[in-house]
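Being a predicted model, the structure only gives us computed values, none of them experimental. Chain A is the first sequence line, chain B the second, and so forth, proteins listed ahead of strands; every chain is numbered from 1.
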2 protein chains.
Amino acid sequence: MSASVTSRALDLLGAFDTDHRQLTLSALARRAGLPLATAHRLVGELCRWGALARLESGEYVIGRRLWDLGLLAPVQAGLRQAASPFLHDLYGATLVTVHLAVRDGCEVLYIDRLSGHVSVPVVSKVGSRLPMHATGVGKVLLAHAPEPVRAEVLGKLTRVTPYTITQPARLLDQLRRVRAEGFATTGEEMSLGACSVAVPVRGPVGEVVAALGLVVPDLRRERARLVSALQVAAQGISRVLASAQWK
Amino acid sequence: MSASVTSRALDLLGAFDTDHRQLTLSALARRAGLPLATAHRLVGELCRWGALARLESGEYVIGRRLWDLGLLAPVQAGLRQAASPFLHDLYGATLVTVHLAVRDGCEVLYIDRLSGHVSVPVVSKVGSRLPMHATGVGKVLLAHAPEPVRAEVLGKLTRVTPYTITQPARLLDQLRRVRAEGFATTGEEMSLGACSVAVPVRGPVGEVVAALGLVVPDLRRERARLVSALQVAAQGISRVLASAQWK
DNA sequence: ACTTGCCTTCCATTGGACGGAAGGATCACC
DNA sequence: GGTGATCCTTCCGTCCAATGGAAGGCAAGT
């Protein structure tokens with residue numbers, strides 16, 4: 001299938017992921033399923049253009065030009081920079097890990113993360129994707145997702161920790177409350193020792209465009225304070241988004 | 001020249017920049033110098049792969065997959081996340097715009113920026129490049145750059161504001177002091193009303209890998225405090241970088 | 001010295017990219 | 001409703017440029 005010449009180059013790029021940030025030529029060829037000679041030539045072109053770069057070690061890595069390009073993606077172009085100051089404020093006020101995430105298909109995509117030195121260890125990384133049913137931001141986004149998405153996610157609720165919610169009925173019930181109360185919580189459902197709170201970030205016409213969340217070791221005592229801090233920040237972001245001409 | 005099939009696709013990607021984040025098919029073709037039919041086919045492939053995405057309006061933008069990929073670039077992979085908590089601390093301690101930058105050829109490339117609501121308006125954006133001789137981080141990086149780079153930069157010191165340093169001798173003198181004193185400053189040399197301080201960030205073997213800077217409206221009163229805050233942060237980053245196994 | 005793993009270059013073959021042309025859709029203006 | 005602009009999409013015969021096997025060169029490991 002495929003094998004269109006362009007897609008070969010793309011297959012090469014696709015060989016990189018979080019676990020494979022640097023690859024030798026042959027590893028690259030192997031992972032992309034291309035003959036060595038072909039890979040060699042394509043990689044050469046990609047390097048010349050700046051999509052890849054070669055380390056002194058001879059291994060290849062993603063180049064600066066792709067990094068540049070990535071920054072232009074609308075995933076974050078508007079949202080991320082609008083949110084940035086509010087994330088800092090939020091961090092300053094709470095001193096815990098702050099997350100900004102959007103829905104990508106049936107997963108949560110982390111757009112930005114802000115954490116200090118002394119935070120709960122968390123799984124998320126900027127650019128990584130996690131299941132929606134086991135994270136705070138995920139629940140928020142799921143609660144406001146179109147029906148077909150919700151159906152698909154409810155279809156396979158994979159267990160991550162002993163506390164992960166795997167019964168569709170129970171999750172549905174929670175989602176209803178998320179919509180009613182305006183925030184979602186989790187308790188060690190994604191990783192042990194980590195709880196989270198999250199609220200929706202709304203766009204100009206009230207639609208949910210992202211979710212803003214905090215990760216803390218324990219939720220019971222501070223919930224109210226955290227939720228209100230989150231809501232202040234979320235509203236601030238919405239305000240900026242609305243006024244940003246969406247140029 | 002070029003015209004290799006792969007590079008056509010890359011030319012299409014190259015048609016995007018900060019001023020052109022969304023393009024129609026024909027604009028894309030025009031900017032890339034390709035026949036419409038060809039562009040159409042290639043863009044189709046790029047979309048299918050996720051390198052581009054199509055808005056409801058019909059315009060094309062950089063897709064999420066490229067955003068993902070960009071995050072893997074070593075420009076920031078290690079540096080940026082190592083620095084992140086320290087940038088926040090620094091912001092918390094000073095409440096002014098914080099910059100993290102590296103040298104890219106003969107320019108300064110901004111890797112990360114952190115600014116609150118109430119800061120001096122600054123030109124820089126993450127992913128953007130500015131001249132080295134007119135910015136604080138630029139002077140730091142230039143002071144520790146290899147000789148040929150320094151020579152080239154000194155060759156054309158373009159004027160940006162009335163205060164921009166355009167005499168090679170004077171800049172050289174400043175660079176010497178930057179190396180001696182361990183920090184650089186600017187006074188409205190890049191944009192009026194903005195001054196800056198910056199210090200080097202050193203890697204495991206003492207080489208300068210990045211620069212850390214602050215932008216403030218006025219430097220005179222607080223210089224000492226800002227410099228020491230910067231140095232604490234820079235040392236912290238270096239420490240993390242060194243211990244990070246450089247996996 | 002032999003093997004096994006990398007990377008690089010060459011070049012004859014051929015299959016898939018190319019792009020002109022034609023068709024459709026949507027606007028705006030007369 | 002006609003006319004002209006500007007956009008997007010599809011088709012298909014030509015032909016050229018990507019392909020990848022083969023051969024050669026390093027460098028390490030046994």
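Across the protein-nucleic acid pair, B:Arg8 atom CZ and C:dG16 atom P stand 18 Å apart, rounded to whole Å. Atom CZ of B:Arg41 and atom P of C:dG16 are 13 Å apart (whole Å). A:Leu25 has its CG atom 5 Å from the P atom of C:dC7, to the nearest Å. Between the P atom of C:dG20 and the CG atom of B:Leu34 lies a distance of 11 Å, rounded to the nearest Å. Atoms CG (A:Leu12) and C1' (D:dG20) sit 14 Å apart, rounded to a whole Å. For the pair B:Leu36 CG and C:dA21 C1', the computed distance is 12 Å after rounding to whole Å. Atom-to-atom, CD of A:Glu45 to C1' of C:dT9 comes out at 15 Å; the value is rounded to the nearest Å. What separates OH of A:Tyr60 from C1' of C:dT8 is a distance of 10 Å, to the nearest Å.
Remark: side-chain polar atoms of A:Ser191 are not paired, donor with acceptor, to backbone N or O of A:Ala194 under 3.5 angstrom. Side-chain N or O atoms of A:His99 include none that pairs as donor or acceptor with a backbone N or O of A:Val126 at under 3.5 Å. Side-chain atoms of B:Arg65 come within 3.5 Å of backbone N or O of B:Trp49 as a donor-acceptor pair.
Shown here are the side chain to side chain donor-acceptor pair (under 3.5 Å) partners of B:Arg176, two or more places apart in sequence or in another chain: B:Asp173.
Annotation: side chain of A:Val102 is not in contact with side chain of A:Tyr110 (no heavy-atom distance under 4.5 Å). B:Leu79 places none of its side-chain heavy atoms less than 4.5 Å from the side chain of B:Asp112.
Remark: B:Ser26 is in phosphate contact with D:dC8, judged by side-chain N or O atoms under 4.0 Å from OP1 or OP2. At the phosphate of C:dG5, neither OP1 nor OP2 sits under 4.0 Å from any side-chain N or O atom of A:Arg30. Between B:His40 and the phosphate of D:dC8, there is no side-chain N or O to OP1/OP2 separation shorter than 4.0 Å.
Helix-axis bend for the helix from C:dA1-D:dT30 to C:dC30-D:dG1: the local axis fitted to the five terminal pairs at one end deviates from that at the other end by 40°, rounded to 10°.
Taking the charged nitrogens against the carboxylate oxygens, B:Arg48 and B:Glu45 have no contact shorter than 4.0 Å, which rules out a salt bridge.
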Item to check | Protein-to-nucleotide contact annotation, 5' to 3' order, nucleotides 21-30 of chain D [B base; S sugar-phosphate only; - none; under 4.0 Å, heavy atom] | outcome: B---------
Checklist entry - How far apart are the C-alpha atoms of A:Ile62 and A:Trp67, what are their side-chain angles, what is the distance that settles it, and do they pass the side chain to side chain contact (heavy atoms under 4.5 Å, CB included) test? => result CA-CA 8 Å; A:Ile62 298 293; A:Trp67 182 70; 5.8 Å; no
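Side-chain contact annotation: A:His20 with A:Arg31, donor-acceptor N/O pair under 3.5 Å present.
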